[in-house]
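Proteins get letters first, then strands, A, B, ... in listed order; numbering begins at 1 in each.
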Protein chains: 2
Amino acid sequence: MARYEQIAGDLRDAIVRGDYPIGGRLPSEADLAVRHSASRGTVRQAVALLAAEGLVGSRQGARRIVLGSERSQSFTELHSFAQWARSMGYRASGSVLSSRRRPCAPAEAVRLSVEPGEEVLDVRRLRRLDGEPVLVEHTVYAGWIAPAVERLDPECESVTQELYESVGLVFAYGEHLIDAVAAGAGEARLLGVRRGSPLLRQRRTTTSQEGRPVECSDDRYRAGSVTFSIRNSTAANPLGRRAGEPG
Amino acid sequence: MARYEQIAGDLRDAIVRGDYPIGGRLPSEADLAVRHSASRGTVRQAVALLAAEGLVGSRQGARRIVLGSERSQSFTELHSFAQWARSMGYRASGSVLSSRRRPCAPAEAVRLSVEPGEEVLDVRRLRRLDGEPVLVEHTVYAGWIAPAVERLDPECESVTQELYESVGLVFAYGEHLIDAVAAGAGEARLLGVRRGSPLLRQRRTTTSQEGRPVECSDDRYRAGSVTFSIRNSTAANPLGRRAGEPG
DNA sequence: AAGTGGTCTAGACCACTGC
DNA sequence: CAGTGGTCTAGACCACTTC
């Protein structure tokens with residue numbers, strides 16, 4: 001583990017422990033550098049990590065302040081459904097409703113960077129938390145990954161993990177669009193809610209480490225089953241975010 | 001403007017222009033440093049900015065890759081409703097439905113860091129995009145900012161901007177919880193939808209530059225009126241994000 | 001083996017905050 | 001005015017990717 005990650009970890013623990021209470025000030029960078037026998041640059045990397053997690057904030061000239069004590073279980077990192085469920089203490093399961101190859105639509109071709117009409121794999125899954133159905137997932141996979149997806153166990157818990165272990169594929173980057181929609185008849189039946197009742201929709205495009213689009217998905221969560229959490233700031237700058245004026 | 005912001009701007013323009021196509025590679029840091037007559041550290045700050053915007057990705061040992069060409073109009077930065085609307089080309093308006101002081105509930109006391117029972121200001125607003133109602137906003141302001149809020153024009157377009165201009169208050173940090181709920185009778189009437197139809201709910205706590213909680217809010221958007229957009233990656237590290245393994 | 005990004009250091013100057 | 005964070009430099013070494 002890198003030096004700055006250790007320092008960030010120490011600071012995070014200290015914040016959680018209450019050594020640096022919420023609303024209070026962090027030690028100066030110079031102070032932290034001496035305490036940890038590191039250069040100021042390394043200390044700045046550490047606090048930048050905490051800032052990215054939303055735990056601390058800063059303004060030029062003033063000491064850093066503590067904003068929160070919980071790492072937001074959120075969107076700074078990309079997690080699969082199974083990963084997220086596990087981290088929240090749930091047991092994830094799921095089953096494939098349908099799986100078939102078909103030519104892709106023009107819009108999908110754009111999102112997956114493939115030729116229009118090229119073959120893609122269309123998969124629908126029902127996913128559960130602690131046995132209770134919470135999510136109807138509709139995923140379109142690019143043709144090049146389709147064989148590996150078809151070899152998966154239909155009841156497989158984590159598609160992400162299985163694809164990593166079978167073909168070394170890493171889902172590295174994600175883009176997400178989140179809104180609310182009404183449940184259709186099929187979704188209502190699968191999720192055990194009334195038709196027209198609210199669902200939280202997450203449309204996603206995922207990309208490999210090399211920047212190659214892997215899948216695009218339309219996931220619909222039963223209302224009340226999940227909440228997305230985000231922390232942000234004005235004018236977010238990764239290396240030491242700065243407070244700006246409203247515009 | 002800082003040197004690294006200029007370099008980031010140049011790179012962003014080049015990506016948008018198609019000089020560096022999506023899925024392609026960026027020049028090396030050393031190359032960029034020479035071209036811009038800057039040190040490698042400054043170049044790294046620039047590309048870290050683009051990575052935070054979700055435009056580029058990186059892995060140790062390989063060239064950076066281009067992931068997208070549009071800056072995600074999203075949650076890396078904190079925007080008010082009016083700011084967001086303006087950036088999307090809409091005209092925002094709104095009106096106060098009710099405004100009254102009351103003692104705060106225990107849960108609000110925690111979120112606002114005030115004593116339980118301390119007086120807060122409870123405000124409901126209906127907000128519109130191009131004249132069409134899209135959002136019912138229910139905000140609870142901490143007592144110390146209540147007088148400034150009460151002095152605002154009830155039809156005021158941007159509360160954020162007005163509070164900055166009147167008392168210098170900056171909404172610097174935000175925490176957001178997003179889910180879907182069914183419209184109640186009142187919301188349905190105000191937004192012109194049927195009761196029970198889906199609404200996108202955003203619960204928000206906002207904090208000043210100094211780390212002092214200012215307001216907590218429960219905002220409900222008519223389905224179809226807005227979409228939240230997020231870009232992320234595995235193991236987001238602010239200074240040059242790194243691709244990790246799924247876990 | 002060469003190229004490239006990830007980490008770290010030591011020092012410098014400036015702009016802003018807080019007293 | 002002293003303290004502090006924001007920016008920038010020049011150089012170093014390592015781990016990993018690419019060819």
Show me the pairs that pass salt bridge (Lys or Arg N to Asp or Glu O under 4.0 Å) and involve residues 202-216 of chain B, at least two apart or across chains. A/R59-B/E210, B/D179-B/R203, B/R204-B/E215, B/R204-B/D219

Among residues at least two apart in sequence or on other chains, which ones pass salt bridge (charged side-chain N to carboxylate O under 4.0 Å, His left out) with B/E150? B/R101

Residues 13-22 of chain A, side-chain donor-acceptor partners within the protein, below 3.5 Å, at least two apart:
residue, atom, partner, partner atom, Å
A/R17, NE, A/D19, OD2, 3.2
A/R17, NH2, A/D19, OD2, 2.8
A/Y20, OH, A/R35, NH1, 3.3

Rounding to an integer number of Å, can you tell me how far B/E29 CD sits from C/dT7 C1'? 11 Å

Applying side chain to side chain donor-acceptor pair (under 3.5 Å), can you list everything that pairs with A/Q6, at least two apart in sequence or on another chain? none

Residue met sooner reading DNA chain C from 5', once A/M1 and B/S28 are mapped to nucleotides: B/S28

Residue-phosphate contact under 4.0 Å: A/Y4 side-chain N/O, C/dT7 OP1/OP2: yes

Distance check needed: D/dC8 P versus B/H36 NE2, whole Å only. 13 Å

A/T205: partners by side chain to side chain contact (heavy atoms under 4.5 Å, CB included), with sequence neighbours left out: A/R111, A/C216

Are A/S80 and A/Q83 close enough, and set up right, to give a side chain to side chain donor-acceptor pair (under 3.5 Å), and what steps lead you there? CA-CA 5 Å; A/S80 75; A/Q83 278 175 292; 3.3 Å; yes

Heavy-atom contacts, protein to nucleotides 9-19 of chain C, under 4.0 Å, summarised as B (base), S (sugar-phosphate only) or - (none) per nt, yield B--B--BBSS-

Starting from P on D/dC8, measure out to CD on B/Q6 and report it in whole angstrom. 8 Å

Nucleotide nearest B/R44 when distance is taken to its side chain, options D/dC8, C/dG5, D/dG6: C/dG5

